[in-house]
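Working notes, structure below.
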Amino acid sequence: MAGLAFLCAAALLLLVAGGAIPPPEEAARMARFVLHNCDWGALATLSAQEGLRGQPFANIFSLSDGPPGPLGGSGVPYLYLTDMEISVQDLEINSNASLTVSLAQTPYCKKHKYDPQNPLCAHIIFCGSIVKVNDSEAGLAKKALFSRHPEMESWPKDHNWFFAKFNITNIWVLDYFGGLKIVTPEEYYSVKP
């Protein structure tokens, strides 16, 4: 009976984690899988701050491409931002950025004893720009973010939070030995995680 309970728990964990990890030859699917299974990423901007102007500046942001589960991901990294945040001030001057997400934040790499820098602990680097979402997309962004980050709903209203998305122009996948793989946005959006 305990064995059956363990198998059920393992199956539930696999379902919550978004299913089995894609094979290395499916780089576009891997990119979608990693993004969908990550709740945050490192966003790098070009600093507009005095003393750092023009220098790379990385900061951690909560994100979501849709509700958790294997069928919930759109592939679009949504963010909840305020102009009071230092990186958002950088983006007001230059909206170009890169976003890195890694399976190191999931149980996958620890389970397999992969160091975060090990290529088998897949990470994805997106380049593009941050744009505010329009009114027709705001509901989708809100559902995506608040389903994973419910605390966001109670953040101070006087901070003028807004929904934004990472507009992807380039994608690099590191999920196996032999170097980075390039995935086009068209390839990325045409597959499911």
Side-chain angles (χ1 to χ4, degrees), residues 13-45 58-81 87-88 91 95-109 116 119-150 152 161-176 179-193:
L13 181 60
L14 184 62
L15 180 64
V16 170
I21 189 168
E25 56 274 3
E26 295 184 33
R29 245 184 89 218
M30 180 64 79
R32 291 285 302 269
F33 178 88
V34 173
L35 177 70
H36 185 64
N37 283 283
C38 289
D39 289 332
W40 55 270
L43 184 74
T45 59
N59 205 345
I60 299 300
F61 284 90
S62 298
L63 56 83
S64 176
D65 80 329
L71 304 176
S74 67
V76 176
Y78 289 108
L79 303 106
Y80 197 41
L81 304 175
S87 296
V88 176
L91 293 166
S95 65
N96 292 315
S98 67
L99 173 68
T100 302
V101 291
S102 170
L103 286 182
Q105 66 174 277
T106 72
Y108 178 80
C109 296
L120 298 176
C121 184
H123 71 271
I124 315 303
I125 303 165
F126 298 97
C127 283
S129 60
I130 300 289
V131 295
K132 288 184 180 182
V133 300
N134 59 34
D135 290 342
S136 65
E137 197 173 4
L140 183 60
K142 180 178 181 178
K143 181 179 178 185
L145 285 159
F146 289 6
S147 65
R148 289 183 184 246
H149 308 283
M152 288 179 168
W161 296 96
F162 62 91
F163 295 103
K165 65 181 175 181
F166 195 93
N167 185 28
I168 300 169
T169 57
N170 302 88
I171 305 164
W172 291 273
V173 176
L174 184 60
D175 65 345
Y176 202 72
L180 290 166
K181 299 169 195 163
I182 296 173
V183 173
T184 67
E186 295 76 22
E187 292 167 327
Y188 174 79
Y189 285 116
S190 71
V191 299
K192 291 291 180 194

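Any value given below was found using the heavy atoms of this structure, including those in side chains, with hydrogens, waters and symmetry copies removed.
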- Item | Validation row, ring centre Phe126 to ring centre Tyr188 under 6.0 Å | yes
- Query: How long is the gap from CG on Leu91 to CG on Asn96, to the nearest 0.5 Å?
  - Reply: 9.0 Å
- Query: Between Met30 and Ala122, which heavy-atom pair has the shortest distance, and what is it?
  - Reply: SD-CB, 4.0 Å
- Show your working on side chain to side chain contact (heavy atoms under 4.5 Å, CB included) between Ile124 and Trp172 and close with a plain yes or no. CA-CA 6 Å; Ile124 315 303; Trp172 291 273; over 6 Å; no
- Please round to the nearest 0.5 Å and tell me the distance separating atom NZ of Lys181 and atom CD of Glu26. 10.0 Å
- Quick one: does Thr100's side chain have a donor or acceptor within less than 3.5 Å of a partner on Ile125's backbone? no
- Could you state the interatomic distance from CZ (Phe166) to CG (Leu79), rounded to the nearest 0.5 Å? 9.0 Å
- Check each of Trp40, Phe146, Phe162 against Tyr80 using the ring pair (Phe, Tyr, Trp, His ring centres under 6.0 Å) test, and report the only one that passes. Phe146
- To the nearest 0.5 Å, what is the distance between CG (Asn59) and OG1 (Thr45)? 7.5 Å
- Steps toward side chain to side chain contact (heavy atoms under 4.5 Å, CB included) verdict (Ile130, Leu43): CA-CA 10 Å; Ile130 300 289; Leu43 184 74; 4.1 Å; yes
- Do the side chains of Leu120 and Tyr176 get nearer than 4.5 Å, heavy atoms only? yes
- Note on the structure: To the nearest 0.5 Å, atom SG of Cys109 lies from atom NE2 of His123 at 10.5 Å
- Task: For residues His36 and Pro70, determine if any side-chain heavy atom of one lies less than 4.5 Å from a side-chain heavy atom of the other.
- Result: no
- So do Leu35 and Pro77 actually touch side chain to side chain, heavy atoms under 4.5 Å? yes
- Query: Out of curiosity, Ile168 CD1 to Ser98 OG, how far, rounded to the nearest 0.5 Å?
  - Reply: 12.0 Å
- Return the minimal non-hydrogen interatomic distance between Ser190 and Glu187, and the atom names on each side. OG-O, 2.9 Å
- Task: Could you tell me which non-hydrogen atom of Pro67 sits nearest to which non-hydrogen atom of Lys143, and how far apart they are?
- Result: CG-CE, 4.0 Å
- Hey, does the side chain of Arg32 reach the backbone of Gly73 with a donor-acceptor pair shorter than 3.5 angstrom? yes
- Leu140/Phe163 under side chain to side chain contact (heavy atoms under 4.5 Å, CB included): CA gap, chis, key distance, verdict: CA-CA 10 Å; Leu140 183 60; Phe163 295 103; over 6 Å; no
- All heavy atoms of Asp175 vs all of Val173, minimum pair found to be CG-CG1, 3.8 Å
- For His149 and Asp39, run side chain to side chain contact (heavy atoms under 4.5 Å, CB included): C-alpha distance rounded to whole Å, both residues' side-chain angles, the deciding distance at 0.1 Å, then the answer. CA-CA 8 Å; His149 308 283; Asp39 289 332; 3.8 Å; yes
- Should we count CG of Asn134 as having more than 12 external heavy atoms under 6.0 Å? yes
- Which atoms form the tightest heavy-atom contact between Ala27 and Val183, and what is the distance? CB-CG2, 3.6 Å
- Where Ala138 and Val133 come nearest, the two heavy atoms and their spacing: CA-CG2, 3.8 Å
- With Glu137 as partner, the option from Lys165, Lys142, Lys132 fulfilling salt bridge (Lys or Arg N to Asp or Glu O under 4.0 Å) is Lys165
